[in-house]
Structures are given as C-alpha cells and as structure tokens.
Number of protein chains: 2
Amino acid sequence: MSKTNFKILEKPKRRRRTPASARREILDAAGRQLTKAGPDGLRLQTIAADLAISHSSILHHFGSRDGLLDALSKDAFAGLERDLKQSFAQPSSGDPATDLFDKIAEILSERGYARLLAWQLMSGRGPGESVAADSAGGAAQSTVGDESETGGLLDRLAPTVHALRLDHARDQGMSAPEIDETRRLLAFTACAVFGEAFAGELMLHASGLPHDTDSRTQFRHWVAKTIETQVFPD
Amino acid sequence: MSKTNFKILEKPKRRRRTPASARREILDAAGRQLTKAGPDGLRLQTIAADLAISHSSILHHFGSRDGLLDALSKDAFAGLERDLKQSFAQPSSGDPATDLFDKIAEILSERGYARLLAWQLMSGRGPGESVAADSAGGAAQSTVGDESETGGLLDRLAPTVHALRLDHARDQGMSAPEIDETRRLLAFTACAVFGEAFAGELMLHASGLPHDTDSRTQFRHWVAKTIETQVFPD
DNA sequence: AGCCCTATTGACAATTTTGTAAATAGTGTT
DNA sequence: AACACTATTTACAAAATTGTCAATAGGGCT
C-alpha cells in the first residue's frame with residue numbers, strides 16, 4: 001500500500017537524562033500528581049503520562065512502584081526539612097516568631113507538603129507508624145531512619161523556643177514556663193499549621209469567610225499572629 | 001479420587017441482609033479499611049474480604065466502585081454531623097466550651113472521621129467542590145444534601161458563638177469583637193482540631209512528649225483549654 | 001408446603017496496572 | 001569514527017481490579 005510515511009519527519013527524539021535528574025523529575029511529577037489528583041493519581045501510567053515518558057522508565061529508576069513511593073516519601077521529608085531549615089536560617093523582617101510561623105505555613109501549603117504528609121500518614125509509610133496490628137509482616141526493611149530525624153524536629157526545636165520563652169517571661173515579669181508546656185505549644189502549633197495548610201481553604205469556606213488566595217494568605221498571617229500570642233503571651 | 005468431601009459439612013451458608021444493613025456493613029468496612037490501610041485499602045476485593053463476602057455483592061448494592069466511594073463520602077459527613085449534633089445537644093459538665101471542643105476533637109480522632117475527611121479532601125470528592133451549584137437538583141439521591149449542610153456548619157455556628165463572645169466581652173469589660181473575628185477563630189479552631197485529630201499523635205511524638213492514649217487525651221484537653229482562652233480571652 | 005423476590009455468589013469478560021525482556025538511541029570515550 | 005554504557009522505549013506477560021451475568025439460596029408470603 002502506498003505508505004505515506006515520511007521518514008524525514010519521524011522524530012524518535014528521546015531525551016536522555018542523568019539518573020539523578022530523571023529521578024528528580026519523576027519524583028516531582030509524582031508529588032504533583034498526588035497533590036493534584038489525590039492518591040489515585042499515583043499510578044505509574046499517570047505519572048509517566050505527566051512527563052510524557054514510558055512507565056518502564058520509572059521502573060528502571062526506582063525498581064518498582066513501591067520503590068518509587070518509598071523514595072517519594074523520603075524525598076518529601078528531605079525537601080520539607082531542607083525548606084524549613086532554609087526558612088529558619090533566613091533573617092526575618094518584622095516579628096521573628098510570627099514571620100517564621102508564616103513561612104512554615106506557606107511552605108506547607110504552597111508546595112504540596114501538607115498533602116504529601118497527609119498521604120504518608122494515611123498510607124502508613126510515614127514516620128508515625130503506630131505499628132498497631134500488621135497482619136502479615138512483610139515490610140521489614142525501611143532503609144533509613146527518617147523517623148528519628150523528623151520525629152525529633154520539634155523536639156530539637158524545643159530548647160531554642162523555650163529559651164526565647166524564658167526571656168520573654170522575664171521581660172514581662174511572668175513566672176517561668178515549664179519546658180513541657182513549650183513542647184505542648186509546639187505540638188499544638190504544628191497541628192494547627194498543618195491543619196491550616198491542609199484544610200485551611202475548606203475551613204475558611206465553611207466559616208463563610210472569603211477563601212481566595214489573598215484572603216487565605218491574610219488568614220495565615222492572622223493564624224501566625226494568634227499562635228504567637230499563645231507562645232509569647234503579653 | 002477418594003474425595004473426602006462430607007456434603008454434610010458443606011456450609012453454603014449465606015447470610016442474607018436487608019439492603020440497608022448490607023449497605024451499612026459495607027460502608028463501615030470501607031471506612032475501616034480506609035483508616036487502617038489508607039486509600040489503597042479502598043479496593044472492592046479488600047473491603048469484601050474484610051466482610052467475608054464477594055466483591056460482586058458490593059457492586060450489587062452500590063452499582064460501581066465510584067458509587068461506593070460517593071456513598072462513603074456522603075455517609076462520613078452524615079455521620080460526622082450526626083455525632084456532632086448529638087454532642088452539641090448533650091449537657092456539658094464543667095466548662096461548656098472546653099467540653100465541646102473536647103468532644104469534637106474526640107469524635108474526629110476516635111472514629112475515623114479525620115482520616116475520612118482527609119481522604120475526601122485529597123481525592124477531590126469532598127465538600128469543597130460542589131459548593132457552587134447546589135440548586136442543580138437533578139440528583140435526587142435519597143440521603144441528603146450533605147455538602148451544603150456541612151459547608152455551612154461553621155457558618156451557622158458563628159452567630160451562636162459570637163453571641164457568647166459578646167456576652168463574655170461585656171462581662172470582662174472588653175470592647176465588643178467583630179463577627180469576622182469570631183469566624184476566623186472558628187476556622188482556626190477547626191484547623192487545629194482537625195490537625196490534632198489527624199496528626200496529633202505524630203506531633204506529640206515529634207515534640208518528644210509521651211504519645212500513648214492517655215497522654216493523647218490529656219493533650220486534647222489541653223488543646224481545648226488553650227483554644228478556649230483564645231475564643232474567650234480573660 | 002410451595003412460591004416469589006432478591007441478596008449473594010461463582011465464573012467469566014474487560015480493562016487497568018505492574019513488571020519483564022529485548023531492541024533502540026543518546027552521550028561520552030577512545 | 002567506532003565503541004561502550006545505559007537511559008529509554010516497544011512489545012509482551014502477569015497480576016490485579018472492576019464489572020457482567022446467570023445460577024443459587026435465604027427469608028418472607030400465601
């Protein structure tokens with residue numbers, strides 16, 4: 001048959017990435033899909049389609065779907081910690097504490113970290129691992145101790161914040177707070193910030209408040225301020 | 001050959017449920033799987049296995065997998081609202097507000113509501129969606145218009161709480177707060193309570209605090225108290 | 001008892017998804 | 001230029017998952 005195939009036009013162009021950048025792109029796409037389409041978006045095909053590559057390529061770089069998900073989990077935590085540390089390091093303009101909470105809240109909600117975290121928690125591949133009743137053993141590997149790292153993030157933050165609180169209390173002529181109270185406040189703050197990042201828009205909406213991007217940012221600022229008055233009471 | 005099949009022992013025993021109770025059991029099992037195994041547990045086979053029935057039975061009652069998930073979403077909201085309303089109705093011993101927050105937090109975290117809510121939010125079948133067009137009316141599902149109901153839950157709560165705040169402010173000789181401030185506080189409270197319910201254990205753990213059941217309950221009480229002082233400042 | 005309705009099941013089809021193996025094609029090296 | 005290495009793809013196999021359909025059986029009814 002008159003095969004009208006113009007070999008000239010054929011473009012078997014492949015883009016060849018370095019293993020590192022390939023993994024990065026794939027992880028990014030996976031995170032993107034997760035935050036956009038939810039846990040159901042975490043199919044090899046979906047992710048591959050998002051990058052316009054074949055799913056086999058993903059398997060080549062991560063061995064298996066589970067390998068990818070594990071890497072995604074690890075990567076999310078690494079990224080979160082990196083961004084947080086960077087935020088900690090940056091000089092804050094204005095109220096130091098408020099500004100910090102502000103940044104953290106933004107990091108959590110802006111990039112997909114809140115959803116990534118939620119997914120990890122839900123699918124049981126996160127740091128929490130209540131380890132309640134695992135039917136058939138199986139997953140006994142867990143290459144790295146990410147848990148201890150992240151598990152202690154707030155813990156490592158506690159002394160610093162507590163020192164600030166002690167200073168503050170002295171300045172205000174108040175009695176010195178307990179370290180555990182500071183810990184509780186940190187845990188509470190983390191819960192609130194996470195909740196805001198994950199469900200803030202819904203809650204604003206449910207309260208009858210405007211929930212566009214600007215209002216959301218404004219709300220975040222207000223939340224940061226509110227929490228600050230808890231941690232550093234007048 | 002020597003087929004040692006004792007027909008006497010054969011137990012083709014089927015349990016025949018009413019459609020209502022079948023749906024209920026299936027929805028419960030689905031919720032159970034979701035909170036236990038995460039979104040990946042939401043396979044027809046998994047749910048069916050949990051109930052020791054065939055997956056066809058589920059399809060019979062819900063038409064399709066999506067039908068089940070929709071029903072699960074609706075049911076979760078209905079249940080949450082029911083439990084909340086019941087909690088609202090019950091007389092509170094002690095601080096009314098604190099007690100209420102307390103109960104809400106417990107409801108959210110104890111039963112799987114927090115995770116159900118999170119799943120809904122992530123998979124995009126939550127209430128934040130159908131917000132706009134409620135007047136469509138085409139879908140005459142018997143259940144209820146849960147979205148609109150819940151979407152305005154905090155909104156409908158606002159006047160009540162605000163009245164309390166006005167009274168409180170007068171008693172304390174403070175200037176009257178704005179209604180939007182009350183709304184923001186409600187939204188904030190919702191975020192915090194949800195965050196605590198969903199990730200409280202992790203956060204406690206991350207802060208270096210004990211995270212057993214008792215400590216968790218204690219922490220919830222403390223959170224409730226803390227929030228109360230925000231809503232009703234001294 | 002016999003009959004009807006339908007919840008339930010088992011077997012099967014269709015589609016999706018993960019995984020495997022060999023072929024293809026960039027990229028750097030000699 | 002020829003070669004080696006391997007990222008990438010294509011084609012295919014295997015498993016899992018959803019959905020269909022006819023047969024089975026539980027429970028209410030007369």
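Reminder, nothing fancy here: chain letters follow the sequence lines and each chain counts from 1. Computed from a predicted structure; not experimentally measured.
- Across residues 54-62 of chain A, A/S54, A/S56, A/S57, A/H60, A/H61 each have a non-hydrogen atom less than 4.0 Å from an atom of DNA chain D (numbered order).
- Nucleic acid contact for B/T18: none, since no nucleic acid atom lies under 4.0 Å from a heavy atom of the residue.
- Scored by the side-chain contact (heavy atoms from CB on, under 4.5 Å) test, A/R111 finds A/D83, A/I107, A/Y113 as partners (sequence neighbours excluded).
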Identify the pairs formed between an N or O of the protein and an N or O of nucleotides 27-30 of chain D at a distance under 3.5 Å, and give each distance.
none

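- Taking atom CG of B/D40 as the reference point, atom C1' of C/dT18 lies 13 Å away to the nearest angstrom.
- Taking 4.5 Å as the limit, some side-chain heavy atom of B/E196 sits within range of a side-chain heavy atom of B/R216.
- Salt bridge status for B/R32 with B/E25: absent, with no side-chain N to carboxylate O gap under 4.0 Å.
- Per the geometry, CG belonging to A/L44 stands 15 Å off C1' belonging to D/dA14, to the nearest Å.
- Nearest heavy-atom pair across B/G112 and B/T35 is CA-CG2, 3.6 Å.
- With sequence neighbours excluded, no residue satisfies ring-ring contact (aromatic ring centres under 6.0 Å, His included) with B/H61.
- With sequence neighbours excluded, the residues satisfying salt bridge (charged side-chain N to carboxylate O under 4.0 Å, His left out) with B/D70 are B/R125.
- In this structure, the side-chain contact (heavy atoms from CB on, under 4.5 Å) partners of A/A187, at least two apart in sequence or on a different chain, are B/M203, B/L204, B/S207, B/F219.
- For the residue pair A/S215 / A/D212, a side-chain donor-acceptor distance below 3.5 Å is found, with atom types taken as modelled.
- Separating the CD atom of B/Q45 from the C1' atom of D/dT18 is a distance of 8 Å, rounded to the nearest angstrom.
- Between A/L68 atom CG and C/dT17 atom P there is a gap of 15 Å when expressed in whole angstrom units.
- In this structure, NZ of A/K13 is placed 17 Å from C1' of D/dA7, rounded to the nearest angstrom.
- Distance, B/R17 CZ to D/dA25 P: 16 Å, rounded to whole Å.
- The distance between atom CZ of B/R24 and atom P of C/dA7, rounded to the nearest whole Å, is 17 Å.
- Under the 3.5 Å distance criterion, with hydrogens and angles disregarded, no donor-acceptor pair is assigned to the side chains of B/Q33 and B/T46.
- Mapping B/I53 and A/S64 onto DNA chain C via the closest heavy atom, the residue that lands nearer the 5' end is B/I53.
- Computed from coordinates, the A/L69 CG to C/dT17 C1' distance equals 13 Å when rounded to whole Å.
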